[in-house]
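The residues of the chain are indexed from 1 along the displayed sequence. These numbers were taken from a predicted model, which means no experiment stands behind them.
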Amino acid sequence: MPPGELCGRMTGQYYGGMEPETLLKLRFLSDLTPGPEGLPLFLLTEIQEGDPPRYRSRIALFDGALRFLTQEEARRPRYRAPFLYFLRRVGEREELFRLDLRGGEAERLTETAGVLDYALGPGGGVAFLALKEAPRPGGPRRFQGWPFKFDGRGLLPEGNVALYALEEGKARLLLDRYPPPKEMVYAPEGLYLVMPEDARAQAEGRDTLFLLREGRLEKVYGGVGPIFALEWSPEGLFFLGHAFERGGGTEARLYHLRGGEARVLLEGSLQNSLNSDLRYGQHLQGPRWGEDGVYVVRTEAGRARLYRVGLDGKAEALTEEGSVLAFALTERGLFLLKEDFTHPARLEGPLGTFDPNAGVLDLAEPLYTEWTSPEGHKVPGWVLLPEGEGPHPVILYIHGGPHTAFGAAPMLELQLFRRAGYAVAFSNPRGSTGYGQDFALLEGEWGERDERDLMGFLDHVLAHFPLDPKRVGVAGGSYGGYMTNWLTARYPERFKAAVTDRSICNWLSFFGASDIGPRFTYLELKAKPWERPEVLWEKSPLRLVHRVRTPTLVVHSEEDRRCPIDQGETWYTALFHLGVKTAFFRVPEEGHELSRSGRPDRRLARLRAYLDWWRENL
């Protein structure tokens, strides 16, 4: 049976005129960066028809009209006059290419076992991370560090990554160590590198900033938490980081490093942490240096806003409406990729607006509402209402994370539910980002603070909107899948149907099987299997699975390294043997990002599976 028919093929009569196949018509903007003559340079990705359909990403410029610079596949473009650099797949690996924009064909610069990343330096210098040798498929692997796998990448190349410099067309080894660099940026004084100091620091998520100068490695800063998003400027180095002081919900800080001292300029939910299933590729969200300060995206109350921060720490919001997904500062001005509830990324700037999806989508604006908790805080959220007077069946949809948020970013999935006749209620309970540090914390109280907020919000929307309290569904992915499992066990008679997607049901097995298991489990629940195992079992929905009565569709990808498929298998098996109506929708060759960047036909099959389940059970 073809992938698109895993749950039966349906027509627009069930979807109210908009079908999952709408996804195939969309085009995505990403990797926005300054280009030649101050023009915005970016990737435009579209979905090519075929069996199966696939993504095709090309490098483009916008000068008032769209101009493609490449026709073949390209990734991670960066411009350094007069050359355009990018990665391109060669067989089973990626290599670095360079295109002279004055004319000529793209030139392959590296011949490696696979380039992982690169940085452009002064005078045409290039540093790149690459595999030292090609992995042997099917052979046994030996690991001595952790993590040894990562979602979307599979088993990691432990001890097989080195840093090189490209000089006169040849690769010169710069650094060969474990753990290898994770990020790098050139500065006049040398090459700044982010990497854990040793294997223990890597296992604990503690990065250190080093300077590689004249072949010598100097420790500069860190060793306490993650460091990322390096940006060099004439005023010094900027980067983001924190030290996990408040556990998994610790908000990021913008640091300014100069003269050996790191100062904090800004704190908050830095970068865009809003949920969306209509993005593809990478999106630069800062920091980036401009002559009048450093620019960075910060998520606030359901919007991702662009801020300019001075060296004195004074911050000014530059955007109000919509959300900033990426930005580029050029001599022509500021260019933005903007999104909102009803539009995927559009390019906005001094040359006008480029909307690659104009006329393709017709998405509804959700209605804002908020519930005031007896504890005194507000739980913000939205409701999508279908056509007609109601009362409508309603789906309580829970975001992932938990330290992300819903807001001004599009969710095709929820819009399809609405078009099929279901209202959708979605909110930002405690644990969500963008409402201050204290709000983002759960402090071990998974299934407590968040449960009270979600159920209070549900009661609120049932009382204030034309919804049917006897036809309530619940769904979510990742952390949202965990909460779907938890709520259907805690409230056996409340929900008429459920879909749990890439979920967690058992913290004890998650600890060792997930690519982030030990660190995430301890940061969120303050427990380890050999220390307070009772906490991990108490917080596991599996402990309460015998209470579930809700017909439940279990959705999981076989290559999910974040929430491994044993979580879905266990939940499905338990429900089946308890006699609960259930089905298991498992997807081969996909990971945790199936709903956002999985193969298009598999994404369509997943959306159909959801819609079929609601139609049959809700």
Side-chain angles (χ1 to χ4, degrees), residues 31-38 41 59 69-70 74-88 90 93-132 161-177 180-195 208-221 227-239 257-258 282 284 287-290 328-331:
D31 296 80
L32 178 64
T33 188
E37 302 176 5
L41 178 77
I59 304 175
L69 299 181
T70 64
R75 204 167 69 88
R76 297 195 186 185
R78 293 163 195 168
Y79 175 70
R80 182 65 54 84
F83 298 109
L84 172 62
Y85 295 82
F86 56 91
L87 297 181
R88 173 173 290 165
V90 179
R93 62 188 186 275
E94 287 193 324
E95 300 287 4
L96 181 62
F97 284 74
R98 183 176 71 180
L99 176 65
D100 191 333
L101 296 184
R102 296 169 298 187
E105 299 293 326
E107 170 191 10
R108 179 174 168 179
L109 298 179
T110 60
E111 184 144 358
T112 70
V115 174
L116 306 177
D117 198 6
Y118 71 99
L120 302 181
V126 181
F128 63 93
L129 285 168
L131 298 178
K132 292 184 290 185
V161 177
L163 177 66
Y164 301 88
L166 194 62
E167 298 175 352
E168 298 180 354
K170 296 183 179 180
R172 178 173 68 88
L173 180 66
L174 291 180
L175 186 67
D176 185 0
R177 77 184 291 272
K182 299 162 62 175
E183 193 172 337
M184 53 194 167
V185 67
Y186 272 102
E189 58 268 31
L191 184 63
Y192 283 100
L193 304 170
V194 173
M195 51 191 171
T208 296
L209 183 63
F210 291 90
L211 177 63
L212 183 62
R213 174 162 43 190
E214 297 178 351
R216 291 180 293 108
L217 200 60
E218 306 170 15
K219 183 177 177 180
V220 176
Y221 175 84
I227 295 173
F228 54 102
L230 301 183
E231 167 75 348
W232 180 84
S233 82
E235 296 292 337
L237 189 71
F238 297 94
F239 60 91
L257 179 70
R258 188 169 188 178
Q282 296 188 330
L284 173 68
R288 276 295 181 263
W289 173 253
L329 294 165
T330 82
E331 56 266 38

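- Residues Glu183 and Val185 have side chains not in contact (no heavy-atom distance under 4.5 Å, counting atoms from C-beta outward).
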Run the numbers on Leu163 and Met195 for side chain to side chain contact (heavy atoms under 4.5 Å, CB included), then give the verdict. CA-CA 12 Å; Leu163 177 66; Met195 51 191 171; over 6 Å; no
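- Under the side chain to side chain donor-acceptor pair (under 3.5 Å) criterion, Arg75 pairs with Glu94, not counting sequence neighbours.
- The shortest heavy-atom contact between Leu129 and Met184 is N-CE, 4.0 Å.
- Scanning for side chain to side chain donor-acceptor pair (under 3.5 Å) contacts around Arg213 gives Glu218, with sequence neighbours left out.
- When all heavy atoms of Pro287 and Ala229 are compared, the closest pair comes out as CD-O, 3.3 Å.
- Here Gln282 pairs with nothing under the side chain to side chain donor-acceptor pair (under 3.5 Å) rule; sequence neighbours left out.
- The two residues Pro181 and Leu175 have their closest heavy-atom pair at CG-CD2, 4.1 Å.
- Sequence neighbours left out, the pairs with a member in residues 108-123 that pass salt bridge (Lys or Arg N to Asp or Glu O under 4.0 Å) are Arg76-Asp117, Arg78-Asp117, Glu95-Arg108.
- Here the CD-CG distance, from Glu107 to Leu96, works out to 9.5 Å after rounding to the nearest 0.5 Å.
- Under the 3.5 Å distance criterion, the side-chain polar atoms of Glu331 are matched with a main-chain donor or acceptor of Gly38.
- When all heavy atoms of Ile59 and Leu41 are compared, the pair lying nearest together is CG2-CD1, 3.4 Å.
- Nearest heavy atom pair, residue Val126 against residue Leu120, reads CG2-CD2, 3.9 Å.
- In this structure, Glu37 has no side chain to side chain donor-acceptor pair (under 3.5 Å) partners at least two apart in sequence or on a different chain.
- Ring pair Phe128/Tyr164 is parallel by interplanar angle, where below 30° counts as parallel and above 60° as perpendicular.
- Taken to the nearest 0.5 Å, the CG atom of Leu174 stands 14.0 Å off from the CZ atom of Arg177.
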Using distance only, find each side-chain donor-acceptor pair of residues 79-87 under 3.5 Å and give its atom names and separation, not counting sequence neighbours.
unit_1: Arg80; atom_1: NH1; unit_2: Gly121; atom_2: O; d: 2.8

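- The shortest non-hydrogen separation linking Ala171 to Leu166 is N-CD1, 4.3 Å.
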Please assess Leu191 against Leu193 for the test side chain to side chain contact (heavy atoms under 4.5 Å, CB included), listing each intermediate value before the final yes or no. CA-CA 6 Å; Leu191 184 63; Leu193 304 170; 3.9 Å; yes
Side chain to side chain contact (heavy atoms under 4.5 Å, CB included) evaluation trace for Thr70 with Arg88: CA-CA 11 Å; Thr70 64; Arg88 173 173 290 165; 4.1 Å; yes
Give the C-alpha distance, both sets of side-chain angles, the deciding distance and a yes or no for side chain to side chain contact (heavy atoms under 4.5 Å, CB included) between Leu131 and Arg93. CA-CA 10 Å; Leu131 298 178; Arg93 62 188 186 275; over 6 Å; no
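- Partner Phe239 forms a ring pair (Phe, Tyr, Trp, His ring centres under 6.0 Å) with one of Tyr221, Trp232, Tyr192 and no other, that one being Tyr221.
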